[in-house]
There are 2 protein chains.
Amino acid sequence: MSKPPARIRLADAAFALFDERGYEQTTVDDIAERAGVGRTTFFRHYRSKEAVIFPDHDRLLELIRDRLATSSHRTALVAVSDAVRLVLLHYIEEGDLARRRYALTSKVSALRDREIASVARYQRLFREFIADWMGDPTKSASLRAELMAASVAAAHNHVLRRWLRGESADPVTELDEAMGEVLALFPAPGAPADGDGGGTTVVAFRTGQDLDALLPSLRRLVEGETGR
Amino acid sequence: MSKPPARIRLADAAFALFDERGYEQTTVDDIAERAGVGRTTFFRHYRSKEAVIFPDHDRLLELIRDRLATSSHRTALVAVSDAVRLVLLHYIEEGDLARRRYALTSKVSALRDREIASVARYQRLFREFIADWMGDPTKSASLRAELMAASVAAAHNHVLRRWLRGESADPVTELDEAMGEVLALFPAPGAPADGDGGGTTVVAFRTGQDLDALLPSLRRLVEGETGR
DNA sequence: CTGTAATACGGTACTCAGTACCGTTGAGCG
DNA sequence: CGCTCAACGGTACTGAGTACCGTATTACAG
């Protein structure tokens, strides 16, 4: 009968009690007691009662920062896409835990607010990165950076919530599609990949014709020539 | 020597103390004492310590809801613009108070989080309204509603913050410009711009091959078939 | 085996936000 | 004058979060 570490026991106890009695009706003492530890130990592992539900937003923020940092000017948009995918994958890896958290944040407004604040921090990273990428600190450029960051975050949240609700079987490709739609909203600035040295390139077009008519030819075009 | 009502004295005392000692270093007792009232009276006028800074978000929410409700299908976008302008005007009317609040939310993360949560509620109203307006509950339509709402909110925040920082002399027309830019991002669904009734379609791909090799074929593909 | 340093833990006591309840005051009004 | 109603003040409580102190366990050097 080897016990799991206190940190895990606390999280398990917290989620169980939140399910049974609700969030506000559960005190930190209750959680600590069920986990078989003292109250002090709870606060040693989690900074607050809310933090037991959102354990590693800080780590996730660092991941995003790192991914964005390792990108050249040319690959900026790829970095954004990758970083967003990173966040989604993080939630997916959590699996059922993420869904239980979603159920809680849907009911308890204090938790929903906290979640929103976390998302805003991601969005801020994206905004700063995009603004930096665009250079040009004019009024309209910074508005565009703001819009882009907001759209990127919104697209991610949209796909994430669909997956959390069980409405999406393949959230990763859904995210790619959504990101494509977002990037298509914003015409590429500067001189996008003029005489570039090759490598992966992101292309976006807007056209008036039907998607279904266009798709097969495009797929042939891309896949045929890359040999994938 | 007629005293202003307690509600005002409390707000004044709160802002003064927050400026002097900082937010966390000020207790509710301090505020009540400086205002010359009891602690109970503070909580009678403001639900929480934070609420003394954000007095009427609820009222503002109602204003938005009302403005959105009084609109036909045709005038939906106008209603959105109006509602957003309503929020901006509300802040402008507050004048210096809004700027002091901004100074506080810039320093104290707890207050910034609360502000963000409030904005999220506005955004939610817009998202629901836009989704409702578009009808069509398909995956891509609800994503578009989400993106639009996020962009609308982002545009508003952008202009508002510029004004709060004293970077904008005429925020109202700036907002109109920004809203115009936002709405330009999203082709009107009801009246397709092209003659083909199918609406504009946006496609994005990622490929490993060189952009220059891809561009001519793509251009032929798109332009050749649309006749543009 | 023994002293010691590091780590994790439990307990107590405190501050402060927020809630509940009760008694008091004062203004208006018959 | 007696009544009512609203605003207020005081007391007491719960619960989150912090600070501090003492203790058990482990590991490791001697």
Side-chain angles (χ1 to χ4, degrees), chain A residues 1-18 20-55 57-58 101 104-105 107-115 117-118, chain B residues 1-18 20-55 57-58 101 104-105 107-115 117-118:
Chain A
M1 58 164 290
S2 62
K3 284 184 192 173
R7 189 181 170 80
I8 307 293
R9 294 207 312 274
L10 280 166
D12 287 345
F15 272 94
L17 285 168
F18 293 162
E20 293 174 18
R21 320 181 188 172
Y23 179 78
E24 277 102 351
Q25 281 65 42
T26 304
T27 72
V28 173
D29 285 283
D30 295 334
I31 302 172
E33 187 186 349
R34 176 165 301 199
V37 300
R39 204 178 92 98
T40 313
T41 300
F42 177 91
F43 285 107
R44 264 198 203 94
H45 287 283
Y46 300 100
R47 266 186 289 198
S48 70
K49 183 181 167 185
E50 295 172 356
V52 74
I53 306 182
F54 308 102
H57 263 138
D58 290 348
R101 183 191 303 125
L104 280 174
T105 54
K107 287 184 193 296
V108 184
S109 66
L111 298 179
R112 182 168 48 240
D113 288 356
R114 163 122 186 186
E115 174 94 64
S118 297
Chain B
M1 54 165 287
S2 62
K3 284 184 193 175
R7 188 181 171 78
I8 308 294
R9 293 207 313 276
L10 281 166
D12 287 344
F15 272 94
L17 285 169
F18 292 162
E20 292 174 18
R21 319 180 190 173
Y23 179 78
E24 277 102 350
Q25 281 65 43
T26 304
T27 72
V28 173
D29 285 282
D30 295 335
I31 301 172
E33 187 184 350
R34 177 167 299 200
V37 300
R39 205 177 91 98
T40 313
T41 300
F42 176 91
F43 285 107
R44 266 200 201 92
H45 288 283
Y46 301 99
R47 267 186 289 197
S48 69
K49 183 181 168 186
E50 295 172 357
V52 74
I53 307 183
F54 309 102
H57 264 138
D58 290 348
R101 184 190 302 125
L104 280 175
T105 54
K107 288 184 194 295
V108 184
S109 67
L111 298 178
R112 182 169 47 242
D113 288 355
R114 163 121 187 186
E115 174 94 65
S118 297

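Side chains included, hydrogens not; waters and symmetry mates left out as well; all remaining heavy atoms used. A note on names: the letters A, B, ... follow the listed sequences, proteins ahead of strands, and every chain is numbered from 1.
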> What class does the angle between the rings of B/Tyr46 and B/Phe42 fall in, given that below 30° is parallel, 30 to 60° is tilted and above 60° is perpendicular?
Replying inline: tilted
>> Just the rounded figure in Å: distance from P of D/dA7 to OH of B/Tyr46.
In response: 14 Å
>> Counting the atoms with a prime plus P, OP1 and OP2 as sugar-phosphate, which does A/Thr27 contact under 4.0 Å by heavy atoms, base, sugar-phosphate, or nothing?
In response: sugar-phosphate
> How do B/Thr41 and A/Arg47 order along DNA chain D: which one's closest nucleotide is nearer the 5' end?
Replying inline: B/Thr41
>> Rounded to whole Å, please give me the gap between CG in A/Asp29 and P in D/dG17.
In response: 12 Å
>> I'd like to know if A/Ser48 reaches the base of D/dG17 with its side chain, counting only an N/O donor and acceptor under 3.5 Å.
In response: no
> Whole Å only: how far is the NZ atom of A/Lys49 from the P atom of D/dA16?
Replying inline: 5 Å
> Can you check whether B/Thr26's main-chain N or O pairs, donor with acceptor, with B/Arg21's side chain at less than 3.5 Å?
Replying inline: no
>> In whole Å, I'd like the distance from the CD atom of A/Glu33 to the P atom of C/dC9.
In response: 18 Å
> How long is the line joining CD of A/Gln25 and P of D/dG15, in whole Å?
Replying inline: 10 Å
> Expressed in angstrom and rounded to an integer, what is the separation of B/Phe42 atom CZ from D/dA7 atom P?
Replying inline: 17 Å
> Quick check: are there more than 12 heavy atoms from other residues, nucleotides or ligands sitting under 6.0 Å from CD of B/Glu50?
Replying inline: yes
>> Please compare A/Glu24 and A/Thr40 by the position of their nearest nucleotide in DNA chain D and report the one closer to 5'.
In response: A/Glu24
> Quick one: is the NZ or CZ of A/Lys49 closer than 6.0 Å to the six-membered ring centre of A/Tyr23, and within 45° of its axis?
Replying inline: yes
>> Rounded to whole Å, please give me the gap between CZ in B/Arg44 and P in D/dG10.
In response: 11 Å
>> Rounding to an integer number of Å, can you tell me how far A/His45 NE2 sits from D/dA16 P?
In response: 18 Å
>> I'd like to know if A/Arg39 reaches the base of D/dG15 with its side chain, counting only an N/O donor and acceptor under 3.5 Å.
In response: no
